[in-house]
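Report on one structure; see the data block that follows.
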Amino acid sequence: MRTLNDPTALGAEALERRARGETIGFVPTMGFLHAGHVSLFELARPLCDWLVGSIYVNPLQFGPDEDLGRYPRDPEGDAASCASAGVDMLFVPPELYAPDHSTRVVVDHVTRGLCGEARPGHFEGVATVVARLFGLVQPSVAVFGEKDYQQLVVIRRMVRDLAMPIEIVGAPLVRDADGLALSSRNAYLSDTDRTRALSLNRALRAMRDCGKKDVAQVLALGRSILDVDRVDYLSVVDAENLEPKAIVDGSARALVAAWVGGTRLIDNIGWR
Ligand code: AMP
């Protein structure tokens, strides 16, 4: 595995490889990699000739009071994880935006609720950085985790609307043995917080398995199980367009964002 920091050099190599007919696979991350990230690399590996992983903690997607300054980092561990998962090129740009960077990508509709409502500007930052990275890396396939379910829907919508010739592959959510969704932010949790955090997955599973169809009842059940300090949202939505649902069917997806101590956690589950 090689590592590049310079966006111009990465872009030039990607264009050369495309011109030679190679297919490029891409997995963007913010680093502090865990088994969830590794599963994305492993899913992407057989889908391309050249696999690029990126690590960039994107300031545009953090709100002014969020954890940009203390986001966990582990450059050596990340490089080892990427190398053993079959990444060919680890791209770690110190900076991605020109000082007079002027373009933002705004994806409407699917960003109005859920994390879009709780974190104003977040998905604009995500769509902007992913479009910027896609322009450099020139992937024909890119893998995103269902852990950040709304993000996956937003990227699919952006790629469709802007006719980007890129296949977006969604990867299943990877959990710890106790059911906690793996997240770089789990590093912030104390032992007590971590035990309480398990209530997110417990609530989602109970909602899916209760057999009730009426979403109001399903949500009431979920709320009664959540053991958290604050709920940003607990919703049952259509898995494709994220519109709220009144009745559960096979296209339903439950999403939750909640705070345990000072840590904001997200999780989600599908009905099929
Ligand atoms: P992040 O580093 O948090 O920006 O995540 C980079 C990519 O890894 C995103 O596509 C995430 O959805 C994905 N990801 C993070 N955690 C998990 C997980 N537990 N299971 C599957 N994918 C994940």
Side-chain angles (χ1 to χ4, degrees), residues 25-45 47 51-63 66-68 70-75 77-79 81-82 85 87 90-93 96 107 110 114-115 119 122-134 137 139 141-159 166-189 194 197-198 200-201 204-205 239 242 253 255-257 263-270:
F26 181 41
V27 178
T29 81
M30 298 204 300
F32 206 68
L33 303 179
H34 50 64
H37 297 108
V38 169
S39 76
L40 272 51
F41 297 130
E42 289 174 347
L43 188 57
R45 181 60 281 180
L47 304 178
L51 178 56
V52 179
S54 69
I55 296 175
Y56 181 63
V57 182
N58 171 36
L60 282 188
Q61 70 189 69
F62 286 78
E66 294 185 352
D67 56 343
L68 173 63
R70 64 178 185 122
Y71 197 82
R73 289 166 201 259
D74 179 15
D78 288 351
S81 299
C82 288
V87 172
L90 178 57
F91 177 42
V92 192
L96 264 185
V107 180
V110 291
L114 308 168
C115 285
R119 304 180 69 188
H122 171 65
F123 286 117
E124 189 175 315
V126 169
T128 300
V129 79
V130 171
R132 174 90 180 88
L133 286 163
F134 281 177
V137 178
V141 59
V143 181
F144 291 82
E146 289 184 347
K147 158 77 177 14
D148 299 86
Y149 192 82
Q150 187 175 17
Q151 170 172 282
L152 172 61
V153 172
V154 169
I155 299 302
R156 284 194 199 284
R157 185 63 60 96
M158 174 184 79
V159 163
I166 303 168
E167 182 191 356
I168 303 300
V169 174
L173 201 165
V174 177
R175 301 179 179 282
D176 243 332
D178 58 9
L180 186 67
L182 291 182
S183 165
S184 306
R185 290 191 169 98
N186 292 351
Y188 301 148
L189 295 170
R194 203 196 139 89
L198 295 175
L200 273 72
N201 182 233
L204 292 174
R205 274 189 294 122
L242 305 182
R253 192 122 194 151
L255 287 82
V256 63
T263 306
R264 185 177 187 274
L265 300 169
I266 57 173
D267 200 346
N268 68 87
I269 203 166

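Position 1 is the first residue of the sequence; numbering continues from there. Treat the numbers as computed from the prediction; the structure is a model and nothing was measured. As the structure lists them, so they are numbered: ligands from 1, and atoms in each ligand from 1.
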(request) Answer yes or no: does an N/O atom from His37 fall short of 3.5 Å to an N/O atom of ligand 1? (result) yes

(message) Quick check: Ala171 and ligand 1, any N/O pair under 3.5 Å apart?
(response) no

(request) Please say which of Arg119, His122, Gln61 ends up in a side-chain hydrogen bond (donor to acceptor under 3.5 Å, both in side chains) with Glu66. (result) Arg119

(message) For Cys82, run the side chain to side chain contact (heavy atoms under 4.5 Å, CB included) check against Val87, Thr29, Val38, Val27 and tell me which one passes.
(response) Val87

(request) Identify, by atom number and element, the atoms of ligand 1 in contact range of Leu173, meaning under 4.0 Å from any of its heavy atoms. (result) 20 (N), 21 (C)

(request) Indicate yes or no: does an N/O atom of Leu182 lie under 3.5 Å from an N/O atom of ligand 1? (result) yes

(request) Determine whether the side chain, the backbone, both or neither of Leu33 has a heavy atom under 4.0 Å from any heavy atom of ligand 1. (result) neither

(request) Answer yes or no: is there a donor N or O on one side and an acceptor on the other, between the side chain of Gln150 and the main chain of Val110, under 3.5 Å? (result) yes

(message) I need the atoms of ligand 1 closer than 4.0 Å to a non-hydrogen atom of Leu40, numbered in the order shown.
(response) 7 (C), 8 (O), 10 (O), 13 (C), 22 (N)

(request) For ligand 1, indicate whether the residue Pro28 contacts it via side chain, backbone, both or neither (heavy-atom separation under 4.0 Å). (result) backbone

(message) Measuring only between side-chain heavy atoms, which start at C-beta, is Leu182 closer than 4.5 Å to Lys147?
(response) no

(request) Looking only at distances, please establish whether an N/O atom of ligand 1 is found under 3.5 Å from an N/O atom of Val174. (result) yes

(message) For His34, which part has a heavy atom under 4.0 Å from ligand 1: side chain, backbone, both, or neither?
(response) side chain

(request) Considering heavy atoms of the protein only, find what lies nearest to atom 23 (C) of ligand 1 and give residue, atom and distance to 0.1 Å. (result) Lys147 CB, 3.7 Å

(request) Dump the intermediate steps for salt bridge (Lys or Arg N to Asp or Glu O under 4.0 Å) on Arg264 and Asp67, then the final yes or no. (result) CA-CA 10 Å; Arg264 185 177 187 274; Asp67 56 343; over 6 Å; no

(message) Taking 4.0 Å as the limit for heavy-atom contacts, which would you say applies to Met30 with ligand 1: side chain only, backbone only, both, or neither?
(response) both

(request) Is it possible for you to check whether Arg156 lies under 6.0 Å from the centre of the six-membered ring of Phe144, through NZ or CZ, and within 45° of that ring's axis? (result) no

(request) Can you sort out which atoms of ligand 1 are near Thr29, meaning under 4.0 Å from one of its heavy atoms? (result) 2 (O), 6 (C)

(request) Say whether, by atom type as modelled, one donor and one acceptor occur between the side chain of Asn268 and the main chain of Val256 under 3.5 angstrom. (result) no

(message) Could you tell me if the side chain of Met158 sits less than 4.5 Å from the side chain of Phe134, heavy atoms only?
(response) yes

(message) Only heavy atoms of Gly145, strictly under 4.0 Å: list the atoms of ligand 1 that pass.
(response) 9 (C), 10 (O), 11 (C), 12 (O), 13 (C), 22 (N)

(request) List every atom of ligand 1 that sits less than 4.0 Å from any heavy atom of Phe144, numbering the atoms from 1 in the order shown and giving each element. (result) 10 (O)

(message) I want to know if ligand 1 touches Asp148 in the polar sense, i.e. an N/O pair below 3.5 angstrom.
(response) yes

(message) Taking 4.0 Å as the limit for heavy-atom contacts, which would you say applies to Pro172 with ligand 1: side chain only, backbone only, both, or neither?
(response) backbone

(request) Please examine the side chains of Met30 and Phe62, heavy atoms only from C-beta on, and report whether any two atoms are closer than 4.5 Å. (result) yes

(message) Please evaluate residues Val159 and Ile155 with respect to the criterion side-chain contact (heavy atoms from CB on, under 4.5 Å), reporting the C-alpha separation (whole Å), side-chain torsions for both, the decisive distance (0.1 Å), and the verdict.
(response) CA-CA 6 Å; Val159 163; Ile155 299 302; 4.3 Å; yes

(message) Measuring from non-hydrogen atoms of Ala35 to any atom of ligand 1, is the shortest distance under 4.0 Å?
(response) no

(request) State, yes or no, whether a side-chain contact exists between Pro72 and Tyr188 at a heavy-atom distance under 4.5 Å. (result) yes

